[in-house]
Amino acid sequence: MSDNNLDQKEIDELIGKDIIDIVGLTDLPEGEKQELRGQILETVQNRVFERILNELKEKNQLDEFKNIGAEEEIEKFFKANSIDTDIIFLEEAIIYKAQMKNATDMMKLGLKAKVEA
């Protein structure tokens, strides 16, 4: 994971808490909350994909991966190469939530915050 220096209590809170609550947008209409959750999910999925691609590049396996067609073959490839997409997704979701919390805290203090997409 990233060097966010979170303790276990903070990690547990980030896992269990809705991103809408973390950033203080609980008063948004439900439709807007759902739209925001969808955008956040897409961002996290993109981060997971980028992280997996980077890992494959580091292992010189990107060309091999590009030649795989069927979804079940991709799953077999990941398993054979110790790429646990569930763990990567969880880690990226926690990192994103932590970044959003930090950005929200900074804005409350009047500071500018930047969260990478």
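FYI, side chains are in, hydrogens and waters are out, and symmetry mates aren't considered; it's all heavy atoms of this structure.
In this structure, CG in Asp84 is found 9.0 Å from CD in Glu91, a value given to the nearest 0.5 Å. In this structure, Leu28 CG and Glu35 CD are separated by 10.0 Å, a value rounded to the nearest 0.5 Å. Between the CD1 atom of Ile88 and the CZ atom of Arg51 there is a distance of 5.0 Å, given to the nearest 0.5 Å. With values rounded to the nearest 0.5 angstrom, Gln8 atom CD is found 7.0 Å from Ile15 atom CD1.
Proximity of a side-chain donor or acceptor of Asp18 to a complementary backbone N or O of Ile20 within less than 3.5 Å is detected. Asn60 places no side-chain N or O within 3.5 Å of a backbone atom of Leu56 that could act as its donor or acceptor partner. A distance-only check finds no donor-acceptor pair linking the side chain of Asp21 to the backbone of Lys17 [under 3.5 Å].
With salt bridges taken as basic N to acidic carboxylate O contacts below 4.0 Å, one links Glu73 and Lys76. A salt bridge links Arg37 with Glu30: the distance from a Lys NZ or Arg NE/NH1/NH2 to an Asp or Glu carboxylate oxygen falls below 4.0 Å. Glu55 and Lys59 are joined by a salt bridge, as a carboxylate oxygen and a charged side-chain nitrogen come within less than 4.0 angstrom of each other.
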Criterion ring-ring contact (aromatic ring centres under 6.0 Å, His included) on Tyr96 and Phe89, from CA distance to verdict: CA-CA 10 Å; Tyr96 187 77; Phe89 188 89; over 10 Å; no
Worked verdict on Ile95 versus Arg47 for side-chain contact (heavy atoms from CB on, under 4.5 Å): CA-CA 10 Å; Ile95 291 167; Arg47 288 176 170 207; 4.0 Å; yes
side-chain contact (heavy atoms from CB on, under 4.5 Å) between Ile22 and Thr104, intermediate numbers included: CA-CA 8 Å; Ile22 290 172; Thr104 301; 5.7 Å; no
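A 4.5 Å side-chain heavy-atom check between Leu25 and Leu36 finds at least one atom pair inside the cut-off.
Residues satisfying the salt bridge (charged side-chain N to carboxylate O under 4.0 Å, His left out) test with Asp105, not counting sequence neighbours, are Lys101.
Sparse packing is recorded around CG of Asp27, with 12 or fewer heavy atoms of other residues, nucleotides or ligands lying under 6.0 Å away.
Among all heavy-atom pairs drawn from Lys33 and Thr26, the shortest one is NZ-O, 2.8 Å. The two atoms that bring Ile68 and Glu64 nearest to each other are CG1-O, 3.5 Å, heavy atoms only.
Aromatic ring orientation, Phe78 versus Phe65: parallel (interplanar angle below 30°, classes split at 30° and 60°).
Just one residue in the list Thr43, Val44, Ile87, Asn46 forms a side chain to side chain contact (heavy atoms under 4.5 Å, CB included) with Glu92, and that residue is Val44.
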